[in-house]
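Quick note on labels: first sequence line is chain A, next is B, and so on, each numbered from 1. Keep in mind that what you see is a predicted model, and the values were worked out from it rather than measured.
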Amino acid sequence: MDIEFKLQEFVLKALKDLYEQEVDSKAIQIQKTRKDFEGDFTLVVFPLLRITKKPPEQTAEEIGNYLKDNIKQISNFNVIKGFLNLSIDKSFWISYLNNISGEENFGFVTSKKDPKTILIEYSSPNTNKPLHLGHIRNNLLGYAVANLLETQGDKVVKVNLVNDRGIHICKSMLAWQKWGENITPEGASKKGDHLVGDFYVKFDQEYKKEIQQLIDQGVAEDEAKQKAPLILEAQEMLRKWEANDPEVRELWRKMNDWVLDGFDVTYKNLGVDFDKVYFESDTYKLGKKLVLEGLEKDIFIKKEDGSVWADLSNEGLDQKILLRSDGTSVYMTQDLGTAQQRFNDFNADEAIYVVGNEQNYHFQVLKIVLDKLGFEWAEELHHLSYGMVELPEGKMKSREGTVVDADDLLAEMTNTAEEMSRELGKLEGYSEEERRRIIETIGLGALKYFILKVDPKKTMTFDPKESIDFNGNTGPFIQYTYARIQSLVRKAKDNGLEPSSKLNENLELSAKELHLIKLIYSYPEVLKEAAEAYSPAQVANYVYDMAKEFNQFYHDHPIVSEENKNLALLRLQLSGQVSKIIESGMGILGIHVPERM
RNA sequence: GGUCUCGUAGCUCAGUUGGAUAGAGCAACAGCCUUCUAAGCUGUGGGUCCCAGGUUCGAAUCCUGGCGGGAUCACCA
């Protein structure tokens with residue numbers, strides 16, 4: 001029985017019995033009591049004064065008495081100003097602990113009546129250069145949000161849309177053709193995505209030289225950019241690609257495969273995966289038909305030069321191009337088509353796009369246009385608009401070489417974890433294999449937690465120095481807490497203490513113990529709200545609170561050496577439940593927890 | 001310039017439908033390991049919640065107007 005729901009029910013009854021008033025349940029504000037006050041739940045009575053027509057203290061007093069008389073779990077109450085603080089009997093909390101002890105996935109919605117199918121697109125890389133820090137935030141968010149939504153009992157399909165065609169791809173290809181001397185990833189002993197990325201950079205360098213030459217010859221800068229031989233060649237290559245030129249297609253396939261192989265390694269190291277991968281080279285023409293149909297129905301307009309536009313001035317926006325004058329598709333066209341295809345492919349109820357907030361306008365338009373086309377699911381299309389990742393010295397600029405490479409960063413985190421554990425003398429006597437595994441778990445955990453603990457919507461600063469700090473509000477701190485509990489459970493077992501679901505309900509609880517149980521109690525609600533907000537950060541912060549609270553409890557509550565066996569059992573059970581939630585919450589974030597560290 | 005968004009401790013961040021005295025971590029300083037892992041715990045200092053109005057019993061939170069940062073407004077994606 002949900003105690004909060006029960007409290008609410010009885011407050012409604014109280015208002016009816018005491019004041020003969022029917023009230024909407026929304027007017028009943030029950031929240032957790034702040035820790036500086038005595039009590040577990042607090043009823044805010046201010047909103048009820050209009051009904052009771054009595055001063056706040058008197059109202060609170062009267063309702064408090066009513067609740068205490070009618071709900072056996074309420075052991076006491078106190079009134080401070082307009083706040084009615086209710087204390088729940090200790091036995092309720094202990095029995096709560098007993099009740100959930102056997103639950104497999106505590107906090108998850110396990111059997112939902114009508115589960116939805118939710119698509120989530122994330123990652124969406126370009127195949128012309130390796131992944132960087134920005135992609136890491138995207139990938140971690142996408143993966144974690146997918147997990148988070150699954151906890152609410154829905155079916156989640158993770159999709160990736162690989163941007164594998166376009167002028168930027170041709171730039172890398174052209175540079176390889178000109179200066180690559182047939183080098184391969186094997187020959188260069190380099191991951192394919194990095195090798196291709198090198199040629200993308202090479203193109204840019206040579207292109208700039210050409211522009212400068214033209215400018216020196218007296219050509220205006222804008223014109224120079226358009227007339228430089230290299231860019232003309234790249235554009236020609238793109239035309240050939242679209243015309244299915246065998247040679248270009250072969251080169252394209254070869255280099256794309258290099259990149260994709262490289263991405264697979266990064267994805268694997270990062271621990272993310274997909275249920276379905278779409279390639280833009282397959283989908284870029286989709287949507288044209290939709291646009292033409294829309295044109296026939298006069299939803300869109302055609303200009304004299306043949307280009308097709310959506311007029312969004314009624315929505316407070318301007319006009320948006322949907323088809324070029326030569327009839328080819330733009331980004332928006334493609335996205336209209338892929339949206340429809342996806343919804344059809346999976347018979348989806350909802351789709352979430354994990355894409356940076358620089359594309360807010362694009363998604364705003366996408367939704368409106370789909371709506372104009374009459375798709376009822378347009379409303380169910382959500383843009384998880386996350387903030388950019390910046391460095392302490394400012395934005396990452398690929399041209400200035402300040403981009404943090406994903407693979408480098410992952411390697412660096414592991415190295416730091418290794419150094420740190422050596423300094424602390426932590427993993428002595430472990431097998432090489434186990435040592436390796438723990439170090440990777442910690443390094444990766446530090447990185448993931450560092451990124452995921454920040455509200456997705458906000459621009460965040462990535463300070464490398466801070467990210468490798470393993471103390472305080474960090475992944476390793478939480479992992480450490482988990483490892484400690486596992487160690488504790490092992491030690492307890494050696495001393496004949498096993499977790500029990502039949503705890504004595506008459507025990508007294510310390511403030512810390514009570515607080516921990518209440519934190520456990522709120523886990524289901526935390527998941528629900530985090531899922532609604534698409535915010536793994538809410539789970540991260542909750543798990544941190546839990547770990548912090550546990551460490552305080554652990555510090556001054558003996559367990560194995562506690563002489564009162566009933567109390568020892570309660571503490572052991574409590575610790576075990578905390579570790580389960582840490583494992584569960586971290587698991588949602590895609591972070592593993594070690595049995596020892 | 002239009003639209004959107006952010007502004008909380010020196011730094012990085014919490015603070016969810018408006019609730020009680022605004023919280024953590026890092027950094028600084030001072031303590032705690034013959035006792036279940038010190039990657040831990042405890043304490044100290046640190047705030048005009050950008051500013052000014054408004055809404056009301058009550059505003060970091062909602063509204064309006066400023067100031068400051070960011071994004072975006074392409075026949076790029």
Check: A:K426 side chain, B:U37 base, donor-acceptor under 3.5 Å: yes
Presence of donor-acceptor pair under 3.5 Å, side chain of A:E532 and base of B:U16: no
Between P of B:C76 and CD1 of A:I231, the distance in whole Å: 12 Å
Using OP1 and OP2 only, check whether a side-chain N or O of [X] sits under 4.0 Å from [N].
| X | N | value |
| --- | --- | --- |
| A:N471 | B:G40 | yes |
| A:R324 | B:A77 | yes |
| A:R50 | B:C57 | no |
| A:Q552 | B:U42 | yes |
| A:T461 | B:C13 | yes |
| A:Y361 | B:U72 | no |
| A:K458 | B:A14 | yes |

Enumerate all atom pairs, one protein N or O and one N or O from nucleotides 19-24 of chain B, separated by less than 3.5 Å.
from	atom 1	to	atom 2	distance (Å)
B:G19	N7	A:Q29	OE1	3.2
B:A20	OP2	A:R34	NH1	2.7
B:A20	N6	A:T42	OG1	3.0
B:A20	N6	A:N85	OD1	3.0
B:A20	N1	A:N85	OD1	3.3
B:A20	N1	A:N85	ND2	3.4
B:G23	OP1	A:R34	NH2	3.4
B:A24	O2'	A:Y544	OH	2.9

Which residue lies more 5' along RNA chain B, comparing A:S487 with A:Q364 via nearest heavy atoms: A:Q364
Toward the 5' end of RNA chain B, by each residue's nearest nucleotide, A:V454 or A:F477: A:V454
Salt bridge (charged side-chain N to carboxylate O under 4.0 Å, His left out) between A:D36 and A:R34, intermediate numbers included: CA-CA 6 Å; A:D36 354 280; A:R34 285 184 56 136; 3.6 Å; yes
Over 12 non-hydrogen atoms of neighbours within 6.0 angstrom of NZ in A:K565: yes
Using atom types as modelled, flag every donor-acceptor pair under 3.5 Å from a side chain in residues 453-464 of chain A to any protein atom, sequence neighbours excluded.
from	atom 1	to	atom 2	distance (Å)
A:K453	NZ	A:N473	O	3.0
A:D455	OD1	A:K457	N	3.0
A:D463	OD1	A:K465	N	3.0

Look at the side chain of [X] and decide which nucleotide, out of [options], has an atom nearest to it.
| X | options | answer |
| --- | --- | --- |
| A:M460 | B:C13, B:C11, B:A74 | B:C13 |
| A:E358 | B:C41, B:U72, B:U37 | B:U72 |
| A:H555 | B:U16, B:C41, B:A14 | B:C41 |

Aromatic ring proximity A:H362/A:Y331, centre distance under 6.0 Å: yes
A:F83-A:F46 aromatic ring centre distance below 6.0 Å: yes
Complementary nucleotide for B:A9 - Watson-Crick or wobble, under 3.5 Å: none
Opposite nucleotide pairing with B:A39, Watson-Crick or G-U, both atom distances under 3.5 Å: none
A:K303 to A:W309, cation-pi by 6.0 Å centre distance and 45° axis angle: yes
Rounded distance in Å between the C1' positions of B:C62 and B:G19: 14 Å
Salt bridge (charged side-chain N to carboxylate O under 4.0 Å, His left out) partners of A:D311, counting only residues at least two apart: none
Chi-angle category of B:C33 [syn within 90° of 0, anti beyond]: syn
Derivation and outcome, salt bridge (charged side-chain N to carboxylate O under 4.0 Å, His left out), residues A:K518 and A:D40: CA-CA 8 Å; A:K518 285 197 265 183; A:D40 298 316; 2.6 Å; yes
